[in-house]
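Report on the following structure.
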Amino acid sequence: MKALVLSSSPRRNGNSALLAEAVSEGLAEAGHEAEFVFADDFLHGFLRDCRKCRKPDGECSIEDGFRSVFLDRYLPADGFIAATPIYWYGSSAQLKAFFDRTFCYYAASYPGSAEVIQAMQGKRIGLVLSSEETFPMVSGAVICQIQEFSRYTHSDFVGVVHGYGNARGDVLRDPGEPMKAARRFGMEFFTRHTSDYQIDTVRSGRVWG
Ligand SMILES: Cc1cc2nc3c(=O)[nH]c(=O)nc-3n(C[C@H](O)[C@H](O)[C@H](O)COP(=O)(O)O)c2cc1C
C-alpha cells in the first residue's frame, strides 16, 4: 500500500516531525511505500477566492507545489497521515491550508473535479500530534476535524498518536513512549481494526477474536 505522511510543523526537527518519521519507518518496515513531505516545502499560500484567481482553463493559479503533491501524491495514496503540533488548541495553519486548498481541485469549476472527488474517497487516515499540555481535550478540536474529514470523504480514521513535549526532541523523553507508539502505528496502519458503527450495523458482540 502507499501512504503519504505530511509533516506540517514549521520545525523540521520538532516533535511532531519526529513522530511522523517514526510512523514512516513503521510503514516501511511493514512493507508499505511511505512518502514523507514537509508542508512548508510546497504550500506557500492560503486558499483564495477561486472566482478571482482561477485561470481561464480552470487550473488554480497559486504557483506553489501544492498541485503536484495533491494530484500526484495525495490522491493516488491509499493512506494519509497528517502530523501537526497543537497550535492554539487546533492544528498548524499549514495543515489547515492543506485541507482548504483541496477545494481548488474538487470544486466544480476545476475540469477534473469528478476524478478528484472519486480519488479523495476511501483512504485510511491517521493523525500525529504533539503538544505541551497533556489534558485530554487539548487535541479535541483537531481530532474532531480529522474525524469529520474522514467521514465526509468516506474514509477510515485509523487513530491518533500524541506525544507530549515543547522543546525540540522532548517527545523522545515522554514517558508515554509516543515514538514507539508511532512506529507501531505505522506498522499497523493498513491493518489496524477501526470501527464506526451505526445502530443497524450487523456485528458480533465481541471486538477481538
Ligand atoms: C503558536 C503556538 C501555539 C501553541 N499552542 C499550544 C496549545 O494551545 N496547547 C499546547 O499544549 N501547546 C501549544 N504549543 C506548544 C506546541 O504544541 C509544542 O511545543 C509542540 O511540541 C510543538 O511541536 P513541533 O515541535 O512539531 O513544532 C504552541 C506552540 C506554538 C508555537
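Numbering of ligands and ligand atoms starts at 1, following listing order. Everything numeric in this text was worked out from a predicted model, so none of it was measured.
Ligand-side atoms of ligand 1 in range of V138: 9 (N), 11 (O), range being under 4.0 angstrom from any heavy atom.
With a heavy-atom cut-off of 4.0 Å, S9 touches ligand 1 through its side chain alone. Using a 4.0 Å cut-off between heavy atoms, E132 contacts ligand 1 through both its backbone and its side chain.
Distance from atom 19 (O) of ligand 1 to its nearest protein heavy atom, with residue and atom name: N166 OD1, 2.5 Å. The shortest contact between atom 5 (N) of ligand 1 and any protein heavy atom is with W88 N, 2.9 Å. Scanning the protein heavy atoms around atom 2 (C) of ligand 1, the nearest turns out to be Y87 CD2, 3.5 Å. For atom 10 (C) of ligand 1, the closest non-hydrogen atom of the protein is E133 OE2, 3.2 Å. The nearest heavy-atom contact from the protein to atom 21 (O) of ligand 1 is G165 O, 2.8 Å. Of the protein's non-hydrogen atoms, the one nearest atom 20 (C) of ligand 1 is S130 OG, 3.5 Å. In terms of protein heavy-atom proximity, atom 26 (O) of ligand 1 is closest to S16 OG, 2.5 Å.
Classified by interplanar angle (parallel below 30°, tilted 30° to 60°, perpendicular above 60°), the ring pair F36/F38 is perpendicular. Classification of the F66-F98 ring pair by plane angle, with boundaries at 30° and 60°, yields perpendicular.
A cation-pi arrangement, defined by a distance under 6.0 Å to the six-membered ring centre and an angle within 45 degrees of its axis, is present between K123 and Y74. Remark: R151 fails to qualify as a cation-pi partner of F157 under the 6.0 Å distance and 45° angle criteria applied to the six-membered ring.
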For the pair F70 and R101, evaluate side-chain contact (heavy atoms from CB on, under 4.5 Å) and give the outcome as yes or no after the intermediate values.
CA-CA 9 Å; F70 181 64; R101 289 275 301 277; over 6 Å; no
Result block: side-chain N/O donor-acceptor pairs under 3.5 angstrom for residues 104-116, not counting sequence neighbours:
unit_1, atom_1, unit_2, atom_2, d
S109, OG, R54, NE, 3.1
S109, OG, R54, NH2, 3.4
S113, OG, Y110, O, 3.4

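To the nearest 0.5 Å, atoms OG (S7) and CG (L95) are separated by 10.0 Å.
One option in I86, T134, L19 has a heavy atom closer to atom 6 (C) of ligand 1 than any other, and that option is I86.
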